[in-house]
Every structure is written in structure tokens, then in C-alpha cells.
Amino acid sequence: MGRRHRRPRRFRVAITATSIGIALLVGTSPALAATITYSTTALSATVSGRTVTASTTVKASVAVSASVAGICARNSTGGVVDFPMSAASISTSGITLTRSRTLSPGTYTYWACAKVSGAWHDIGSKKSFTVPSAAPAVAPASPSGQAMPVGNLPGWQQTFTEDFKTNVAMGGFPGPYAPKWASYNGFPDSSGRGLYAQKILSVHDGVLDMYLHSENGRPLGAAPVPLVDGGKWGGQIYGRFSVRFKGDPLPGFGSGWLLWPDSGNWNDGEVDFPEGGLSHAIQGYNHNIGNGAVNSMIVTSTAGWTSWHTATIDWKPTGVSFIIDGVNLGTDTRNIPQKALHWVMQTATSGALPAASTAGHVLIDWVAVYRYTG
């Protein structure tokens, strides 16, 4: 009797969600991929300057393998500006994706996205962020702690201001300030012991700097001149002249910041404030009309040069006043100049010869000039 052959045993294969998930990690058929749903949480974007960092967590109803996944973005004209993407396994518990890129100023739309089995999926709702334009430069705070006054005052029309915001290396002045400033240069100072040299002038950190020192045995000073009449040399009749300043106490150096006649004739008037040695208290002088060698009024303050102060010459038809830090030190109603005077900030030897080793700085934070309107 012949041997009976057994039938081959048949096996049943149970298809479970887990086995489908494993299969999908390897490759997902288009038909099955169409049934998968996606969701996103914690979609956000942080803007720092022009760098944007976007983040999101993406989930799938069944584990899938995305050829690329990340955060899609568009600019205001619809241009593609997607964040960097890479392949990712998206599980049912989710995968967190964080990407950064640099963008131009503007407003952008962004959302989570993934490409699975050749098809793109936009996931969740869309949001937007804005990359701001560069912030305007902020003017530094006043070096002296008191901002330059801007605008008219009762009875005065402001005609000239200077806040010294553009740096100039020593020796380069007036440079960019040339339309509004000039300076004495290359001739002896009032005492004859020193020399006016504009090469000691510089602008930095919001101040005009006069570096007073000696070279080859000759003290060097400076005399910057604000051109208050539209950039032309010359002054005005009546006015208010304010300056914010301080300096090192340098024996042998001093100031004679004065209003001097456009005519060059001393008898037309001279008004000096602040005047005096840098190591002494600040004074003011008004000279006689018709006899400049004689002082009509002298005032002495308790202020020295080592702290910031604001000095103002207030020249009206009714009198000449010297004001420091808002306090009127005195008003001369007898000798009032009636011809045009211009402002010169003479800073040089004060009479005695400074020691060769004496060196330091006088700083001006700002100046402001007004025309009298009554």
C-alpha cells in the first residue's frame, strides 16, 4: 500500500496595527497613507534680531516615515522660505522639530509640514511672525547728564545747536563740523606764551575734547568758533549763548570764552564767561564800551571746572547777565554792546607758563545759541 502524503499545513497571519506601523516605517502605500491623520502642538517662533527659531511637535495616527519633515514658511509675497528640514520618523506620541534660519525684515506665515510617500501634508493651523527692521540708532545719553536744550524760549529764538554726535579723531577737526565750526590755528594765544593749535581738538563719546598740553616747550591751546550765522564768520547783536562743559584743573591754563566784536575793535565791547584759570573758580567779565581795558562788571561763582556746569551769557538791550546752572550771578545794565559780537571759546595759557608736564582736557557736551526776539 502506498504512503499517504500529508497536505501542507496552512498558517493564518494576523495583521495588527503594530505590524502595519512597522511596515509603514519601511514604506507606505499611497492608499494607506491617505488614511493617516496628522496633528501638531506647541507651534511657536522666537525672533532675535534677524534670526528666527521655530519649533513644533508633530504626531501621526499611525507611525510613519517622512522623507522630510519640519516647518514650512512663506514671505509676504508667497515666496518659499522653509526652515531647514530632514527625514523623520513621526510616531503616535510625536516628534519635536526645532529649526532656525536668518530672514529679512518682514512678516511671515509658518506651519508644520511633512512629506510622506511623495505627498506633502500641511499639519495644523498656520501662524505668523514678524522680523522687524533694524531699530533706529538711539542717541547716547548726554555725557554730562543734562541734555542739550532744543526749541525756542520766551523772548528767544534758537538759531544754533551742536551736540557733538559724530566722532572726529584728534587732528581732524573741524572735519564734518566744518559747515558750522571753525577754530583759531597757528598763531600765539592772548598771553603770547602759548599757541592756538586745532590739532588738539577731537570729538568722541558725545563731547568736543580740547587736549591741553605742551610740545617742544610750547603750551598748546584751542579756540573753536561756532559759526552761528548760517555757517558764515560773524556774530549777532544781542543773544543768549549757553555751553555745557567741564575741565581738568590745569595750573597755567585757563579760559576766556568770549563774545568779541565782528569789527575787531575792542571798544565795541567784550563779554567773557566763563573766564579764569582752570584750577580756580569760574568768573565772568563785561568790559566798558569805548574803553575795553576797563571792566564794567566782574562776577565770581563758587563753581570750579572739575564738575559739569552750564554757563549762559544773556545779552539783551536792557543788560548783560552771567548765569551758571540756572543762577544769575549778576546783570550789567550800564555797558551793553550795541554792535555785532561773535562767540570764541578761547582755551589756552592763563598768563603763567604751565609746567611742561601739565596736560589734561576741557570737554564741551553741547552748545546752544538764541537770537533775541523781545
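Taking 4.5 Å as the limit, every side-chain heavy atom of L201 sits out of range of all side-chain heavy atoms of M170. Taking the side chain as every heavy atom from C-beta outward, L208 and L363 never approach each other to under 4.5 Å. Between V228 and H342 the shortest side-chain heavy-atom distance does not fall below 4.5 Å.
A continuous path of ILVMFWY side-chain contacts below 4.5 Å connects V131 to I71, so both sit in one hydrophobic cluster. The cluster map of Ile, Leu, Val, Met, Phe, Trp and Tyr, joined by side-chain heavy atoms under 4.5 Å apart, puts Y372 and F241 in the same cluster. Clustering ILVMFWY residues whenever any of their side-chain heavy atoms sit less than 4.5 angstrom apart, transitively, puts V81 in the very cluster that holds V52. Under a hydrophobic-cluster definition in which Ile, Leu, Val, Met, Phe, Trp and Tyr are linked whenever side-chain heavy atoms come within less than 4.5 Å, directly or via other members, F160 and W233 are assigned to different clusters. In the hydrophobic clustering of this structure, V168 groups with L220; members are Ile, Leu, Val, Met, Phe, Trp, Tyr whose side-chain heavy atoms approach within less than 4.5 Å, directly or through other members.
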- Message: Show, in sequence, the C-alpha distance, side-chain angles and deciding distance for I364 and V207, and conclude whether the side-chain contact (heavy atoms from CB on, under 4.5 Å) test is met.
- Response: CA-CA 5 Å; I364 297 176; V207 298; over 6 Å; no

- Task: Evaluate side-chain contact (heavy atoms from CB on, under 4.5 Å) for I282 paired with F245, printing each intermediate quantity in order.
- Result: CA-CA 12 Å; I282 293 169; F245 65 95; 3.6 Å; yes

- Task: Decide side chain to side chain donor-acceptor pair (under 3.5 Å) for Q283 and S301; before the verdict, give the C-alpha distance in whole Å, the side-chain angles of both, and the deciding distance to 0.1 Å.
- Result: CA-CA 6 Å; Q283 295 182 297; S301 75; over 6 Å; no

- Message: Using side chain to side chain donor-acceptor pair (under 3.5 Å), reason through S296 and N335 one step at a time and then give a plain yes or no.
- Response: CA-CA 7 Å; S296 175; N335 283 273; 2.9 Å; yes

- Task: Starting from the C-alpha separation in whole Å, work towards a yes-or-no answer on side chain to side chain donor-acceptor pair (under 3.5 Å) for T40 and T56.
- Result: CA-CA 7 Å; T40 182; T56 189; 2.4 Å; yes

- Task: Show your reasoning for whether side-chain contact (heavy atoms from CB on, under 4.5 Å) applies to I95 and S89.
- Result: CA-CA 8 Å; I95 181 173; S89 297; 5.9 Å; no

- Checking side chain to side chain donor-acceptor pair (under 3.5 Å) for the pair Q338/Y238: CA distance, chi angles, key distance, verdict? CA-CA 8 Å; Q338 301 296 317; Y238 312 129; 2.6 Å; yes

- Task: Would you check, one step at a time, whether the test salt bridge (Lys or Arg N to Asp or Glu O under 4.0 Å) holds for K246 with D365?
- Result: CA-CA 9 Å; K246 78 170 183 177; D365 184 2; over 6 Å; no

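With hydrogens and angles ignored, the 3.5 Å screen pairs no side-chain donor or acceptor of T312 with any backbone N or O of D314. The backbone N or O of A63 lies less than 3.5 Å from no partner atom in the side chain of S91, so there is not a single donor-acceptor pair. Checked by atom type and distance alone, the side chain of H309 pairs as donor or acceptor with a backbone atom of G304 at under 3.5 Å. Although no hydrogens or angles enter the test, the distance criterion places no donor-acceptor pair under 3.5 Å between the side chain of T130 and the main chain of P132. Within the 3.5 Å criterion, the main-chain N or O of Y285 finds no donor-acceptor partner in the side chain of N295. Although no hydrogens or angles enter the test, the distance criterion places a donor-acceptor pair under 3.5 Å between the side chain of R244 and the main chain of S144. For the pair N267 (side chain) and G292 (backbone), a donor-acceptor distance under 3.5 Å is present. Looking at N328, its side chain does come within 3.5 Å of a backbone N or O of G330 through a donor-acceptor pair. No donor-acceptor pair under 3.5 Å is formed between the side chain of S255 and the backbone N or O of T347. Between the side chain of D332 and the main chain of R334, a donor-acceptor pair closer than 3.5 Å is present.
Applying the 4.5 Å side-chain rule to ILVMFWY residues, one finds M148, W366 in the same cluster as V150. Within the hydrophobic cluster formed by Ile, Leu, Val, Met, Phe, Trp and Tyr side chains joined at under 4.5 Å, directly or through other members, I323 stands alone, with no partner residue.
With F273 as reference, F322 is the one residue of W315, W257, F322 to meet the ring-ring contact (aromatic ring centres under 6.0 Å, His included) rule.
D209 CG to L212 CG: the interatomic distance, rounded to the nearest 0.5 Å, is 8.5 Å. Taking CD of E270 as the start and CD of E275 as the end, the distance is 7.0 Å to the nearest 0.5 Å. Between the CH2 atom in W111 and the CG atom in D122 there is a gap of 6.0 Å [rounded to 0.5 Å]. Atom OG1 of T333 and atom NZ of K316 lie 13.0 Å apart (nearest 0.5 Å). One finds the NZ atom of K59 at 12.5 Å from the CD1 atom of I123 (value rounded to the nearest 0.5 Å). One finds the OG atom of S100 at 7.5 Å from the CZ atom of F83 (value rounded to the nearest 0.5 Å).
A tilted orientation is assigned to the rings of H287 and W266, their planes being inclined by 30° to 60°. Between H213 and Y211, the two ring planes are parallel [angle under 30°; tilted spans 30° to 60°].
The two residues A169 and S202 make their nearest non-hydrogen contact at C-CB, 3.9 Å. Minimum interatomic distance between Q236 and R371 (heavy atoms only, all atoms of both residues): CB-NH1, 3.6 Å. Minimum interatomic distance between G234 and D229 (heavy atoms only, all atoms of both residues): O-CB, 4.4 Å. Between S321 and T331, the closest heavy-atom pair is OG-OG1, 2.6 Å. Closest heavy-atom contact between Y110 and A45: OH-N, 3.3 Å. In plain terms, the two heavy atoms of I324 and A303 that are nearest each other are CD1-CB, 3.8 Å.
Partners of R99 by salt bridge (charged side-chain N to carboxylate O under 4.0 Å, His left out), not counting sequence neighbours: none found. The salt bridge (charged side-chain N to carboxylate O under 4.0 Å, His left out) check on K339 picks up D268, with sequence neighbours excluded. In terms of the salt bridge (charged side-chain N to carboxylate O under 4.0 Å, His left out) criterion, residue partners of K180 (sequence neighbours excluded) are, by chain and number, E162.
Residues Q158 and Y370 bring a donor and an acceptor atom of their side chains to less than 3.5 Å of each other. Using a 3.5 Å distance cut-off with no hydrogens or angles, the side chains of T107 and S128 do not pair a donor with an acceptor. Checked by atom type, the side-chain pair T349/R193 shows no donor-acceptor distance below 3.5 Å. Side-chain contact, T310 with Q146: a donor N or O sits under 3.5 Å from an acceptor N or O. Remark: the T77 side chain and the N75 side chain contain an N/O donor-acceptor pair separated by less than 3.5 Å. Defined by atom type and a distance below 3.5 Å, a donor-acceptor pair is missing between the side-chain atoms of H204 and N167. Checking S191 against D189 by side-chain atom types alone, a donor-acceptor pair falls below 3.5 Å. Residues D248 and H361 have side chains that never bring a donor and an acceptor to within less than 3.5 angstrom of each other.
For an aromatic pair to be called close, the ring centres must be under 6.0 Å apart, and W181 with F164 satisfies this.
Legend: disulfide (SG to SG under 2.5 Å) pairs involving residues 203-285, not counting sequence neighbours: none detected.
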